[in-house]
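Proteins come first, then strands; the chains are lettered A, B, ... in the order of their sequence lines, and each starts at number 1. Being a predicted model, the structure only gives us computed values, none of them experimental.
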Amino acid sequence: MAVTRHPYTTGSGTRGMFLSLREEVEAALREALSALSLPTADLGIEEPPEDVPAVLASSVAFRLAGERGAPPPEVASEIAAEVDVGECAYVTDVSTQGPYLNFTPAEAYYADTLTAAGDAGYGRLPAREESVVVEHTSANPTGPMHVGRARNPIIGDAISRTLDLAGYDVSRHYYVNDAGRQIAVFTWAAETFDEADLPAPERARADYDLVRYYRKGSSFLEDASDTEREAAESEIEAIMQGLEAGDEETHERVGRVVDRMLAGMRFSLDRLPVTFDEFVPETRFMRNGNTETIATRLEEDDRAFLEDGAWQLDLTDYGIEKELVFLRSDGTSLYTTRDLAHHEWKFERFDRAVTVLGEGHMLQASQLQAALSILGNDTDQLTDVLYSHVNLPEGTMSTREGTGVDLDDLLDESIARAREEVEDRLETRIRDDALDDGDVARIAEQVGIGAVRYDIVSKQPSKAITFEWDRALDFEAQSAPYVQYVHARTCGILAEAGLLEEGSDATNDDPLGALDAIPGDERPAGNGSERSDAAIDVEGIDPAVLETPEERALLETIARFPAAIEAAAADLAPHTVATYTREIAEAFNVFYRECPVLEAPEEVREARLALVVAARHTVANALWALGVAAPESM
RNA sequence: GGGCGUGUGGCCUAGCGGAGAGGGCGAGAGGUUCCUAACCUCUAGACCGCGGGUUCGAAUCCCGUCACGCCCGCCA
């Protein structure tokens, strides 16, 4: 019996029909080329343009034309004649179109896709025995999160989710900078200045409260007289020395301020929602002596030298002109020295480490990699994902100077605009499902937050973004609501068919409850028990009745989802998942227009309902990977 | 000055060696007695910054050049 069902399934996930198809095509093509005594190094597998009725194609004939002494189309025919798809479960035919070989999927390709995507966990790849720690955000605890760095948690969280779906064992870390001069200044300022001399906080929250002291301290140091400054500097210096020496009282003083600040900042992150498995304090690596050990080990390297009393590392061997200072002349460590200890700690606990950081840290990051290598680590374990900061039209955003847009303000504004949108549409709404105030609030939250996240995650991190309100908060097509709407539409149909409990995600007054549509930190697991779901019995369904081009195109798009996750995980490129969501949303909308579901004849109706279920799972899980809510109604 | 990154229709963006360069916004024209029109269809608009090169084939690779961004602290 030919095994056509989930041939690559292990554990709870499946790699999907598209990847299976690709492997079959590769094998069949390789075999044909061998039979013709042609090289098989480059098979030229690619996805054909939209109007070509094939799922995969090959352009090998171009490359082999010279060797074969015949024009590419002729070589293509020759190869096609040799290809045997008899053993393939998912390929039914190979044909040529000029120099191209086109592979047509078999009926089982569509049938198995419909079955696989009937699982609520569709898109989850089989578990790998590989742990990854994703470090992201790690913003200095000196003030509220602002938009300039907002790409970090959003990209970092999407990478974490995508790796998770792809089968990795993922941990999310926030590395807390609770050492160093900035924090010493902050602690000194918080203990020194009087609340009465400060402006009112912008919000009643610890981070907005405390940042006033930090800003006050910074401006004081700029404007102070020499004697005032010297007095302040000696206190700041004392804090830094205390931290370096592992002094318990200093650590507590700093900790009080940092912990409060961080607790405040976490409110902003929770709204996205972005959460962490662990907050790793930088001082841990000073207190446990590892930073000191690192410095000692570095001193022993030939590339280390002492200049002006400071220990440095010559990194020209690694193509880095700028030497790395790892011990100041006063014997204290620097950020990178501690980060070295931090990374060795990560390497001991995880197979791989991914760090999401702003482009400004690039030199720093390459110095870190070089030094890690000198210390004998395998730096292939570490990958940096760099993003370009979000700037204002008038310049950069700065916590210290108080220039910039707070993330909270952006989210508030986005939700407010989304709410206006929902209310405007209420009047012309056709669907008879009587949204109540709770629904309006829920939808505004899901759409407002989703739009911000989607806007950021859908772009390549390396591209610069200049922040403009209207552009960031555009709810028109090619934004989160476009995709979210498709999910709501699938749910609408399923609810109408009695396959979904209507409004199941909308029945609470808790403002955070709106976030439940993202199954919290529960992952698409495969049992679908965490949320209302349409149980469809795929057994009695004949997928062959799904024969219109729109149905086929939608199924083909659904079939590619696991491959899209795999590629996004391999490249650490969640924006490609966003591109995918756009494609499936488009395919669904065309299907929706052309193919009535509920009014269709019995057999077609059942099959189309199964297709809607499959589309829903795919869209929901793709949005999950991006950290964008999937509303059941809007 | 050096290093890294980015340059795709008026604006934003995908594609990063192969089939007339996809989308979206904006502009123009249509579509709803029918599962939610936050939707769909059509039209106009691009010598993929510029100049060379490699290749059967370049937006994609290489070299040069220009523009913009970031970095070049005993800061983080």
Taken in chain and number order and not counting sequence neighbours, the residues that satisfy ring-ring contact (aromatic ring centres under 6.0 Å, His included) with H136(A) are F276(A)
In whole angstrom, what separates I456(A)'s CD1 from C12(B)'s P? 17 Å
For RNA chain B, whose closest nucleotide is more 5', that of S458(A) or that of G44(A)? S458(A)
Is there any side chain to side chain donor-acceptor pair (under 3.5 Å) pair reaching into residues 53-73 of chain A, and which pairs are they, with sequence neighbours excluded? D42(A)-R63(A), E46(A)-S59(A), S59(A)-R63(A), R68(A)-E78(A)
Hey, does the side chain of R400(A) come within less than 4.0 Å of A76(B)'s phosphate (OP1/OP2), counting only N and O? no
For V390(A), which residues count as a side chain to side chain contact (heavy atoms under 4.5 Å, CB included) partner, sequence neighbours excluded? V147(A), R151(A), M397(A), I465(A), F467(A)
For U55(B), the Watson-Crick or wobble partner whose two distances fall under 3.5 Å: none
When both distances are under 3.5 Å in a Watson-Crick or G-U wobble arrangement, the nucleotide paired with C34(B) is none
R425(A) side chain near A38(B) phosphate (N/O to OP1/OP2, under 4.0 Å): yes
Any donor-acceptor pair under 3.5 Å between the side chain of D178(A) and the base of A76(B)? no
Please tabulate, for side-chain N and O atoms in residues 585-595 of chain A, each donor-acceptor pair with protein atoms closer than 3.5 Å (sequence neighbours left out).
residue, atom, partner, partner atom, Å
N589(A), OD1, R489(A), NH1, 2.7
N589(A), ND2, A585(A), O, 3.3

Among C35(B), A19(B), C39(B), which nucleotide has an atom closest to any side-chain atom of P48(A)? A19(B)
Side-chain N or O of Q460(A) closer than 4.0 Å to phosphate OP1/OP2 of U6(B): no
Among A14(B), C35(B), G18(B), the one nearest any side-chain atom of E46(A) is G18(B)
Please name all residues satisfying ring-ring contact (aromatic ring centres under 6.0 Å, His included) with H575(A), sequence neighbours left out, ordered by chain then number. none
Quickly work out the D470(A) CG to C12(B) C1' distance and round it to whole Å. 13 Å
G17(B) -> Watson-Crick or G-U wobble partner, both distances under 3.5 Å, gives none
Applying salt bridge (Lys or Arg N to Asp or Glu O under 4.0 Å), can you list everything that pairs with D474(A), at least two apart in sequence or on another chain? none
Within the structure shown, what part of the strands sits under 4.0 Å from N102(A) by heavy-atom distance: base, sugar-phosphate, or nothing? base
Take nucleotides 57-75 of chain B nucleotide by nucleotide from the 5' end and write B, S or -, depending on whether a protein heavy atom sits under 4.0 Å from the base, only from the sugar-phosphate, or from neither. ------------SSSSSBS
Rounded to whole angstrom units, what separation is found between the CZ atom of R431(A) and the P atom of C35(B)? 10 Å
Take the protein atom CD of E496(A) and the nucleotide atom P of C35(B), then report the distance between them rounded to whole Å. 8 Å
For N177(A) and T579(A), take the nucleotide of RNA chain B holding the closest heavy atom to each; which residue's nucleotide lies nearer the 5' end? T579(A)
Taking CD1 from I320(A) and P from C4(B), how many angstroms apart are they, rounded to a whole number? 11 Å
Among the nucleotides G15(B), G20(B), C35(B), which one has an atom lying closest to any side-chain atom of D51(A)? G20(B)
Take atom OH of Y454(A) and atom P of C12(B), then tell me their distance rounded to the nearest Å. 19 Å
Mind checking whether Y175(A) and Y335(A) have parallel, tilted or perpendicular rings, split at 30° and 60°? perpendicular
Given 3.5 Å as the limit, does a donor-acceptor pair link the side chain of R400(A) with the main chain of S219(A), or not? no
Check whether D455(A) reaches the backbone of V457(A) with its side chain - one donor and one acceptor, N or O, closer than 3.5 Å. no
Mind running side chain to side chain contact (heavy atoms under 4.5 Å, CB included) on R582(A) and Y454(A) for me, showing each step along the way? CA-CA 11 Å; R582(A) 213 177 295 136; Y454(A) 194 92; 4.0 Å; yes
Where along nucleotides 24-34 of chain B does protein come under 4.0 Å, by heavy atom, of base (B) or sugar-phosphate alone (S), with - for untouched nucleotides? SS---------
Which residues satisfy the ring-ring contact (aromatic ring centres under 6.0 Å, His included) test with F285(A), sequence neighbours excluded? H342(A), W345(A)
Watson-Crick or G-U wobble partner for U43(B), using a 3.5 Å limit on both distances? A27(B)
Planes under 30° and centres closer than 5.5 Å, is that true for F475(A) with the base of A38(B)? no
So if I take every side-chain heavy atom of S59(A) and compare against G18(B), C40(B), C35(B), which nucleotide ends up nearest? G18(B)
Tell me the partner of G1(B), counting only Watson-Crick (N1-N3 plus N6-O4 or O6-N4) or G-U wobble (N1-O2 and O6-N3) with both under 3.5 Å; none if nothing fits. C72(B)
Across the strands shown, which category fits V447(A) at heavy-atom distances under 4.0 angstrom: base, sugar-phosphate, nothing? base
